[in-house]
Structures are given as structure tokens and as C-alpha cells.
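Remarks on the structure that follows.
Note that ligands are numbered from 1 as they come in the structure, with each ligand's atoms numbered from 1 the same way. Predicted model, so just to flag it, every value in this text is computed and none were measured.
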Amino acid sequence: MKRYEKLAQDIESTIRRGVFRPGERIPSIRQTAQNHHLSITTVVRAYVLLESRGLIESRPQSGYFVRVHPIETTSKEIPELVPSKPIATSAHVDVSRLVLSTLRSIGVDEAIPLGSPYPDPKLFPFERINRYAYAIARRKTQWGVTDELPPGNPELIRQIARRYLENGIPIDPNEVVVTVGATEAINLCLQAVGKPGDTVAVESPTFYAMLHAIERMGMKAIEIATHPRDGIDIDALALVLNRRRVAACMVMPNFQNPLGFQMSDDNKRALVRLAERHDLPIIENDVYNELYFGDAHPTALKSYDTKGLVLHCASFSKSLTSAYHIGWALPGRYRDQVEKLKFLNTLTTPSIPQLAIAEYLEHDGYEHHLRHVRKLYAQQANLMRATVMRFFPEGTRTSQPTGGYVLWVELPPQIDSMQLYQLALQKRITIGPGTMFSAANSYRNFIRLNYSYAWTPEIEKALITIGKLASSLM
Ligand SMILES: Cc1ncc(COP(=O)(O)O)c(C=O)c1O
């Protein structure tokens, strides 16, 4: 047992024995470090662990307190999700209307945004990036559209390439095409590898931006069984590839939305090898790559690609700011088509956001910011899972995210998540209904919850309300 785990265990047992009562303040980090002859870092880790177990809570400027209602996380086994088993037939995709109308209502003022696809904007270093943007706008008064013709601003491209290198993924800067968010990157990559009427393999469930890209192209989707911890079932995909022509496969190997898993390196390698055997382009959505909870930065499918078949898409929307909507593609052997399509699609990506992000990356504290949010998301994921398991109806299961900021919740089969969504909306709480994540209208009794928002009594109350509403639908 590590030192911080031992300390957490000791404090937990003093709380359980009533030495510290609910609502009481426990010794400060400094005091505990002195009393136990431990480093501040060790104590901080112990307190974070206790917080994630729902036993203590931090109150700004006041210290750490025993929670009045401890959340049971340790003793109760949280049931795991089972792998999906979609019917492997290709289907026309028509989910955008549903997604647009739910996203519109998710944006309503003052609603508790558990259904939001974006992280809590308060966590973004928005003011700092804006300062660079103002300075750039003041400095440069003459703008021409030709300044940023595809592939995009060279300084931003240099910074993106540096970031990949720091994360252990060397890339060729000449491969980068800057886009309007990952959304445009995904759309252009799909357009580069297929045509209307083609079939595209996707994970099941899958993030709706992938389905939108398929819908926009008039293609069909075939949903492949996906394991909640291991990712897309490579054998099931191989079977489909042996039987029919598939134009591309779209996956999210790191912290998949909505399942939250990280594919192992072995599985990533196996998927790329399978693609190579079938000459199958893979569109890799890696927008959560920076948001890992573990110690090591995850690899990407791109790292294993030797034939230029992986079209890797990412953006700063989840890690830095969604307001500037800057993304990019590393399209492998399809780079020239993607660059041309980018030009045909929107000509350029706006200049100031590209330059402001480039300057932020060069001069500011991206890594520091990321370390902060990763820690927070990991704690809040635990708190949300524990709260869901405590207050949702018997039979509920949740994902076990290893990064990112969304939790996938399976409710008992009688519950219709669209109905739950409507009821929750009346209470000014939003959730993501499960049907948004399938072309086949599956996952009726699933919801996606966002845990990036600061853990407050309001969030806890909102979850308890959803739990009650779900019970009322049984
Ligand atoms: C998993 C995932 N992929 C792609 C996107 C789209 O990214 P962007 O906002 O950069 O276009 C989102 C946004 O919510 C997302 O959550």
C-alpha cells in the first residue's frame, strides 16, 4: 500500500469510528503533513482519494470537512455495463434533427447542464487566450483571406506538431490540415474516403458527430459490437469486412464518448493491422486525448499506422476552449484530398483564433491547466458514479470512464430516456438521451451525463431528482 493510501485508510477509519463527525472540519493538509511526518503531496493525494470516495469535501477557503451524507463508493460493487450487440445491418442515418433539438434545449439558460457535450467553460483559461487574441487584433490591422489558406496557420501547425512530440507521438507537420473544430475534420476525412451510398462501420454506441458525418454524406452506418472497457470488437469488425464492402471505420479509441474506455495498445495495434489487411481507412476521433486520468498519455491509432490509412482528427474544443472551435486532421495518405476539401468547404479557418491558440501554446501554461482538469474530472467521475448508484433505481449500471468527462448510464429497461429527458427538462436539468448515440435508435434506456461541472450541492440535488424521476417511470 502506498503512503497516501495508508493515510487515507487511517483517516477513513477515524471518520467511520466517529472521531470526526459529519460536518466537522478535519485537520488541514499542512497540519496532517506535520503530524504524520509526510510530504504535502502525499497528504493532498490522500485527501483527494477521500474526496473521491465521497467521505470528505473541500470548501473554498475553509478546508476539508466530513461530508454530512457520505457517498458510499467503496463498499458497494458498481455493476459494469455489458458489451453491446447491435444487429449488423447497415442503416440510413437520420439522427441530426433529434440531436439538434436536444442540444438546443441543453443550452437553455440556468439549466443544470448534465446533458452538455462540452466541458464546464469555467475551467477553460478563456481570459488568457482572449488576451492573446486582443493583442493580435491590435497588432495586425490588415487581414486577407489568403493569410490562412489551407493547410492553416504555420505557427499553429508548428505548435500542434510540438504538442504531439511532447506526448510521444512524432508527426510530420506537413500532414496537418487545420479545420473548424474536430467536426469539420471528421466530415472532410469521411468525404475524402467514401461516396454517397457507401457503408461505414462505427462503434455501438457512437458519438453523434460521427453519425452526422455519415448522414451528411448520404452514407449508411453499420454498428459494430463494442465492449465498455476494451472498445470495438475487432473480431466482429473482421467478420463484417469479410462479408461486405465497407468504405471506412470511425472510432474513438481514447475515452470514447459515451463509454469512456481507453483501448489497450494491443487492441489499437490489432485494429490498425486489420485495417491494413483490408485496405480500410480508419477515421480516428481523438478529441479527448489530453484528458486521461492515469499516469501516462495514451497512444493514438495514428502511432501504429505504417500505411497512411489512419485519418486522425482532434481539436482544442475539449482541452482548451470550445469557443474558438479550432481543430485539425492528420489524414495520412488522404492528406491532399482533405486539404482540397477544406478549401472547397470553408476556404480558410478564421485567423485570430488560430494565432491566439498558437501564442497561448507557446507562452502559457497548457500543461498546468491540463493537470488541473484531469485531476478534477477523475474525482468528479467517481463522485458522479457513486451518486448515481446511490440514488438511481435498482438495476442501474454505469460506465467506468478512464478519461474524458462523460458517464454512460444504463437504466432499467422499462425507462424511456426521451421521456426522462422531457421530465428532467421541466425541472431545468438536462441529460443526453441514449438514442442520440445510435443510427438504429438503440439505447432507449441509456443516458449520458457530463461530470465536468464543479461538484456542488445543486449538481448532487439534480442527480437525486433524475434518480427519482427515473424511478417514477418504472
Ligand atoms: C467526442 C466528440 N467528438 C467530436 C466533437 C466535436 O468537436 P469540435 O467541437 O472540436 O468540433 C465533440 C464535441 O462535443 C465530442 O464530444
Number the atoms of ligand 1 from 1 as they appear, then name those within less than 4.0 Å of a heavy atom of Asn285, with their elements. 1 (C), 2 (C), 3 (N), 4 (C)
NE2 (His363) with more than 12 external heavy atoms under 6.0 Å: yes
Counting only heavy atoms, tell me which of Met252, Lys318, Glu184 gets closest to atom 12 (C) of ligand 1. Lys318
Per-atom contacts of ligand 1 with Ser317, taking only distances under 4.0 Å to non-hydrogen atoms: 8 (P), 9 (O), 10 (O)
Heavy atom of the protein closest to atom 16 (O) of ligand 1 (residue, atom name, distance): Tyr288 OH, 3.1 Å
Under 4.0 Å, counting heavy atoms only: does Gln256 come that close to any atom of ligand 1? no
Does Glu184 reach the main-chain N or O of Gly327 with its side chain, forming a donor-acceptor pair under 3.5 Å? no
Does even one non-hydrogen atom of His325 get within less than 4.0 Å of ligand 1? yes
NE2 of His92: more than 12 outside heavy atoms within 6.0 angstrom? no
Check: Tyr208 ring centroid to Phe437 ring centroid under 6.0 Å: yes
Atom 9 (O) of ligand 1 - nearest protein heavy atom and its distance: Tyr118 OH, 2.8 Å
Are the charged groups of Glu175 and Lys302 less than 4.0 angstrom apart, N to O? yes
For the residue pair Trp408 and Tyr443, does the interplanar ring angle fall in the parallel (under 30°), tilted (30 to 60°) or perpendicular (over 60°) class? perpendicular
So, does Phe316 sit close enough to ligand 1 that a heavy atom of it is under 4.0 Å from the ligand? no
Does Val287, backbone or side chain, put an N or O under 3.5 Å from an N or O of ligand 1? no
Assess Met210 for proximity to ligand 1: is some non-hydrogen atom of it under 4.0 Å away? no
List ligand 1 atoms under 4.0 Å from Pro117, heavy atoms only on the residue side. 14 (O)
So that I can tick it off, tell me whether Glu166 and Arg163 are bridged by a salt bridge, with the cut-off set at under 4.0 angstrom between side-chain N and carboxylate O. yes
Quick note on ligand 1: atoms under 4.0 Å from a heavy atom of Asn257 include exactly 1 (C), 16 (O)
Atoms of ligand 1 close to Gly181 [distance to a heavy atom under 4.0 angstrom, numbered from 1]: 10 (O), 11 (O)
N or O pair under 3.5 Å between Thr183 and ligand 1: yes
Counting from 1 in the order shown, the ligand 1 atoms closer than 4.0 Å to a non-hydrogen atom of Ser315 are 10 (O)
Angle between ring planes, Phe126 versus Tyr324, binned at 30° and 60°: parallel, tilted or perpendicular? perpendicular
Ionic contact status for Arg131 with Glu359, cut-off 4.0 Å: no
Residues, nucleotides or ligands: over 12 heavy atoms within 6.0 Å of Lys140 NZ: yes
